[in-house]
Protein chains: 2
Amino acid sequence: MDQLRETLKGHHLRTTTCREDVLSAFINKKNALSHGDLEGALGESYDRVTIYRTLKTFLEKGIIHKVLDDEGLRYALCSQQCSEEKHQHDHIHFKCNACGKTNCLENSHIPNIALPQGYQPASFNLLIQGTCPECVAE
Amino acid sequence: MDQLRETLKGHHLRTTTCREDVLSAFINKKNALSHGDLEGALGESYDRVTIYRTLKTFLEKGIIHKVLDDEGLRYALCSQQCSEEKHQHDHIHFKCNACGKTNCLENSHIPNIALPQGYQPASFNLLIQGTCPECVAE
DNA sequence: AAATATTTTGCAACAGTGTTGCATTTAATA
DNA sequence: TATTAAATGCAACACTGTTGCAAAATATTT
Ligand SMILES: [Mn+2]
Ligand SMILES: [Mn+2]
Ligand SMILES: [Zn+2]
Ligand SMILES: [Zn+2]
């Protein structure tokens, strides 16, 4: 409970119930969440706009990062100590076509890639789609 | 001009002016296009819905593929002989944060990646953001 | 504990995205 | 040219994402 306040304080954010609940949702559900997911989970309690603004704030402060998807953006917790200044990720995202869930594979890193002359890379987003272990088993 | 009809016929699609114009737009502009880009380019001529349906059809037939983006989907021509059955890509997409354009780097391939036990990959989408050669030069 | 300054929230309104149903028009074929 | 099947335009809808502004909540100072 105080964990949430700590995290928010650590990123120079005021503690509000909406922020606690959104952060809590990211921690409990372990997969990436869309705005729609969050609105479904706690939409009765807060206005849509507030949830959008919470996501935007969390992005800026380095609490969550975007997860690219072929049918809309999702968001997931930043595991490392991301901050407003440094916001770096090089892990892979996996979306299961069976159960629909998208997860961060924190330990699978995007390898170095040789780009054509002149391209200066700054950030990477790799989405692999397929079947996740739970769904393969069935 | 007949090139367009050929391509459409080759993918078992009737020739319509909208399809010709959309296909033409993809060929002329070389970067990835969003629905909004297309509507801007030829929105006076066709209904929004028709453009959406054209994109959907082109996707299904393997004429274009989705390009994931952090601020909305884009689409780009399939260079290889993609078809309704086989629709495989392993090249990289590069988005320039300066000029905003996203391009297929057809010759830069996504390397093999070791996934944790149980994950079965089927398709890959890698977006690299940074600065493109044109914008680096300035 | 109360007053103050600053942020955050809810609401309204809006622009954009993406989909569906249905009547009309168009393209391919006979 | 007539027939048939597919594509289009229009209306309507649900969802995504943003902005302005007044009201409420938080953090800070007295
Ligand atoms: Mn991630
Ligand atoms: Mn591409
Ligand atoms: Zn799954
Ligand atoms: Zn550029």
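Just so it is clear: chains get the letters A, B, ... in the order the sequence lines come, proteins before strands, and each one is counted from 1. Reckoned from all heavy atoms, side chains included, excluding hydrogens, waters and symmetry mates.
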S.K.: So how far is it from B:Ile51 CD1 to B:Arg19 CZ, rounded to the nearest 0.5 Å?
M.R.: 13.5 Å
S.K.: To the nearest Å, how far apart are A:Glu20 CD and C:dT7 P?
M.R.: 19 Å
S.K.: Report the residues that fulfil salt bridge (Lys or Arg N to Asp or Glu O under 4.0 Å) with B:Arg74, sequence neighbours left out, ordered by chain and then residue number.
M.R.: B:Asp37, B:Asp69
S.K.: Side-chain N or O of A:Lys56 less than 4.0 angstrom from OP1 or OP2 on D:dT19?
M.R.: yes
S.K.: So if I define the base as every atom that isn't primed, P, OP1 or OP2, how would nucleotides 8-13 of chain C read as a B/S/- string at a heavy-atom cutoff under 4.0 Å?
M.R.: SBBBB-
S.K.: Check salt bridge (Lys or Arg N to Asp or Glu O under 4.0 Å) between A:Asp47 and all other residues, then give those that pass, not counting sequence neighbours.
M.R.: none
S.K.: List for me each residue that meets side-chain contact (heavy atoms from CB on, under 4.5 Å) alongside B:Pro121, sequence neighbours excluded, and say none if there are none.
M.R.: A:Ile128, B:Leu115, B:Phe124
S.K.: Residues in side-chain contact (heavy atoms from CB on, under 4.5 Å) with B:Lys30, at least two apart?
M.R.: none
S.K.: May I ask you to list the residues of residues 66-78 of chain B, by number, that have any heavy atom positioned under 4.0 Å from an atom of DNA chain C?
M.R.: none
S.K.: Between C:dG16 atom P and B:Leu38 atom CG, what is the distance in whole Å?
M.R.: 15 Å
S.K.: Give every donor-acceptor pair under 3.5 Å between a side-chain atom in residues 98-110 of chain B and any protein atom, sequence neighbours left out.
M.R.:
from	atom 1	to	atom 2	distance (Å)
B:Glu106	OE1	B:Ser79	OG	3.0
B:His109	ND1	B:Asp90	OD1	3.0
B:His109	ND1	B:Asp90	OD2	3.4

S.K.: Tell me: NZ of A:Lys9 to C1' of D:dT28, nearest whole Å?
M.R.: 12 Å
S.K.: Could you check how far CG of B:Leu55 sits from C1' of C:dT17, rounded to whole Å?
M.R.: 12 Å
S.K.: Name all pairs fulfilling the side-chain hydrogen bond (donor to acceptor under 3.5 Å, both in side chains) condition that reach into residues 51-60 of chain A, sequence neighbours left out, sorted by first residue then second.
M.R.: A:His35-A:Tyr52
S.K.: Just jot down the salt bridge (Lys or Arg N to Asp or Glu O under 4.0 Å) partners of B:Lys66, sequence neighbours excluded, or say none.
M.R.: none
S.K.: To the nearest Å, how far apart are B:His35 NE2 and D:dG17 C1'?
M.R.: 17 Å
S.K.: Would you kindly give the OH-to-P distance between A:Tyr52 and D:dT18, to the nearest whole Å?
M.R.: 8 Å
